[in-house]
Amino acid sequence: MTGTPQKRKLWRDVILFDGVDTLPEPMAVMVEGDRIGRVVPMTEFDEATAAGCEEMARGGVMTPGLVDCHTHLVFGGSRADEFEQRLEGASYEEIARAGGGILSTVNATRAATEAELFEAARPRLEALMRDGVTTVEIKSGYGLTVADELKMLRVARRLGQELPVRVVTTLLGAHALPPEFRDDSDGYIDLVCNEMIPAAATEGLADAVDVFCEKIAFSVAQCEQVFAAAKAHGLSIKAHAEQLSNLGGSAAAARFGALSADHIEFLDEAGVEALREADSVAVLLPGAFHTLRETRLPPIAALRAAGVPMAVATDANPGSSPIFNPTLMLNFACTLFRLTPREALAGMTAHGARALGFHEERLGRIEEGAPADLCLWHVDTPAALAYAIQPGRLRQRVFAGRVCELERDEGERRHV
C-alpha cells in the first residue's frame, strides 16, 4: 500500500566483494529502505536482530550493483558493414575519413524519432541490467546539432525514468565534426559551447560534458574551450583521450578537474601524473580495444604504481564496441589488459561509481549507509565473474533496496 515502509531485507552466508576487496568470511547484509543497514560477519550475527526481516537468500556471492560508466546506448542504425570492412583491412581512421564511422550513425540517429531511439535503446540497456548493471552512463554524440543532441539526452533520461536503473547522462556534442561544419571545426566548437551546452544545462538534460580529443576529432585547445563552457554551466567533465595517439587530452582534462579520462591507450607518464594529481579516474575500455584489434595497451603498471583508480566499462556503441555484456568486460580487462579479477571488479563497482562522481555517496560499495544497489550471483567466488564468460549467473538484482529482476513473457518486457 502506498506509504507503507519496506520491510528490512536480509541476505546471509554470502561471500562479499565490497567494491574494493573480497571479505574473508561469510557475511550477513541487511537493507533498510534504499540503504544498506548492517554488514556483519556471520560469526557476529545476532539472530534477534533478524526478527521481522524478510530473508531474501542464503549463500552465493554478493557484489555491489555493477556500474557501467561509459556507454553510447542511444543511437540509430547499424554498422555491421564497417565490421566487415575492418576485417578486410580498413582501419578505424580510414573508415572515419571516408564518411563512415561516427558520421554514418549520425545520419541514422538524426532520421530517427525519440520514440524509435527509445525502443532501440531499451533492449540494449536491459541486456546490461540482466548482467548486473544498476548504474549506467549514457552519452549523446550521434546528433551533432542542438536539437538532435537534446533528443538523444531526452531518450536517455526517459530510459532512467521507465526502467529500474540509475542513468547518468553525458553531452558528447564534441564527438565528431558534422558535415555542415566540414571546413569549420572552430565554428562547430563555438556552437557546442555557446548553444548546445547552455541548452542541455537549462533543460537539465546533462550531468556531464565529454569530448573526443583526437586527430580525427578535436584538438586540445578546442576541447579546453568545451571544458570551460561545461564548468561555467556547472557540469562535470569527462574526456575520450589518448585512444589513437598522444595529444595530451587527458592532462588537459585533468587540469579542468575531470571526473575521468577514457580509453587512454597512448597515455604517457605526464598524463598519468596529471590524473593522479587531479584525482581523476582512468576508464579502461577493453571492448573497443578488442573490436578494433588494437595492440597498444594502456599503461596499467604506471597507473597502478601511481595509485590512479582504474574503472572498467563496456563502451557499448554501434561501431567500436557493439558489446552489451559487462561481465565479459571483466574478463577482457584481465585477459587483454592484465588487471587482476579484484581490480577488474573494483573497476566496475567502486571505481566506476567514482568516474561518475558518486564517490562521496559511496555508490559501488557494500557498507553501512551506502545505496542498496546489490547483485547476488550464482558463482563460488567473486573472481569467477571475470574468469568465465557465461550468461545467466545473476541470481538477484537489487536496485534502491528492491529486488527487480527482468523477465520476458511472450515477447513482452515485464519488470518485477
Taking all atoms of both residues into account, what is the closest heavy-atom pair of A28 and L10, and its distance? CB-CD1, 4.4 Å
Look at the side chain of R397 and the backbone N and O of G65, then say whether any donor-acceptor pair between them is shorter than 3.5 Å. no
Would L16 and T22 satisfy side chain to side chain contact (heavy atoms under 4.5 Å, CB included), going step by step from the backbone distance to the final call? CA-CA 6 Å; L16 201 65; T22 300; over 6 Å; no
Main chain of A386, side chain of N331: is a donor-acceptor contact present, judged purely on distance under 3.5 Å? yes
R402/D34 under salt bridge (charged side-chain N to carboxylate O under 4.0 Å, His left out): CA gap, chis, key distance, verdict: CA-CA 8 Å; R402 297 181 182 273; D34 62 356; over 6 Å; no
Between R124 and E126, does at least one N-O distance fall below 4.0 Å, as a salt bridge requires? no
If you count the non-hydrogen atoms of other residues, nucleotides and ligands that lie under 6.0 Å from CD in E88, is the total more than 12? yes
Run H72 and H175 through side chain to side chain contact (heavy atoms under 4.5 Å, CB included) and show every step you take. CA-CA 11 Å; H72 306 252; H175 195 194; 4.1 Å; yes
Tightest non-hydrogen contact, residues R338 and R304, listed as O-NH2, 3.5 Å
As a quick check of understanding, evaluate side chain to side chain contact (heavy atoms under 4.5 Å, CB included) for K231 and I237, giving each step before the final call. CA-CA 8 Å; K231 290 197 72 170; I237 291 165; 3.4 Å; yes
Intermediate values then yes/no, side-chain hydrogen bond (donor to acceptor under 3.5 Å, both in side chains), S185 and Q222: CA-CA 9 Å; S185 61; Q222 290 171 328; 3.0 Å; yes
Can you name the nearest heavy-atom pair linking C69 to A311, along with the distance? SG-CB, 3.9 Å
Give me the atom names and distance for the closest heavy-atom approach of S280 to A258. OG-O, 2.6 Å
Got a donor-acceptor contact below 3.5 angstrom from the R362 side chain to the P371 backbone? no
Hey, are Q396 and W11 close enough side-chain-wise for a donor-acceptor pair under 3.5 Å? yes
Are any side-chain N or O atoms of T71 and backbone N or O atoms of E137, one a donor and one an acceptor, separated by less than 3.5 Å? yes
Examine the side chains of S245 and E214 and answer whether a donor and an acceptor come within less than 3.5 Å of each other. yes
Would you check if E242 and H263 make a side-chain contact, meaning some heavy-atom pair closer than 4.5 Å? no
Exercise answer: donor-acceptor pairs, residues 149-156 side-chain atoms, under 3.5 Å, sequence neighbours excluded:
residue, atom, partner, partner atom, Å
E149, OE1, S140, OG, 2.6
E149, OE1, G141, N, 3.0
E149, OE2, G141, N, 3.2
E149, OE2, Y142, N, 3.4
E149, OE2, G143, N, 2.8
E149, OE2, L144, N, 2.8
K151, NZ, T109, O, 3.0
K151, NZ, R110, O, 3.3
K151, NZ, A112, O, 2.7
K151, NZ, D148, OD1, 3.1
R154, NE, E114, OE2, 2.8
R154, NH2, E114, OE2, 3.1

For residues H240 and D262, is any side-chain donor paired with an opposing acceptor at under 3.5 Å? no
Please check if the side chain of Q243 supplies one atom and the backbone of I264 the other of a donor-acceptor pair under 3.5 Å. no
Residues R365, E367: salt bridge by 4.0 Å N-O rule: yes
Does E360 have more than 12 heavy atoms from other residues, nucleotides or ligands lying within 6.0 Å of its CD? no
Are there over 12 heavy-atom neighbours, none belonging to Y387, within less than 6.0 Å of that residue's OH? no
Considering only NZ, NE, NH1 and NH2 on the basic side and carboxylate oxygens on the acidic side, decide whether E273 and R276 come within less than 4.0 Å. yes
Distance-minimising heavy-atom pair for L235 and A201: CD1-CB, 4.3 Å
Step through the shown structure and confirm whether more than 12 heavy atoms of other residues, nucleotides or ligands are within 6.0 Å of NE2 on H233. yes
If I compare all heavy atoms of I36 with all of I366, which pair ends up nearest, and what's the gap? CD1-CA, 3.8 Å
Checking side-chain polar atoms at under 3.5 Å, does N107 have a donor or acceptor matched by the opposite partner on S104? no
How about F83: does its CZ atom have over 12 heavy atoms from other parts shown lying under 6.0 Å from it? no
Does A239 offer a backbone N or O that forms a donor-acceptor pair with the side chain of D210 under 3.5 Å? yes
Would you call E32 and K9 a salt bridge, taking side-chain N to carboxylate O under 4.0 Å as the test? no
Flag the pair R166 and D373 as a salt bridge only when some basic side-chain nitrogen lies within less than 4.0 angstrom of an acidic carboxylate oxygen. yes
Side chain to side chain contact (heavy atoms under 4.5 Å, CB included), that's the test. Do F324 and L73 meet it? Break it down for me. CA-CA 9 Å; F324 306 90; L73 292 179; 3.8 Å; yes
Above 12 or not: heavy atoms from other molecules or residues under 6.0 Å from CG of D380? no
Any carboxylate oxygen within less than 4.0 angstrom of a Lys/Arg side-chain nitrogen, looking at D207 and R157? yes
Atom CZ in F358, atom OG1 in T135: separation rounded to 0.5 Å? 6.0 Å
From CD1 (I323) to CZ (F332), nearest 0.5 Å: 5.0 Å
Would you say the side-chain atoms of S260 and K238 include a donor-acceptor pair closer than 3.5 Å? yes
Please check if the side chain of R35 supplies one atom and the backbone of G369 the other of a donor-acceptor pair under 3.5 Å. yes
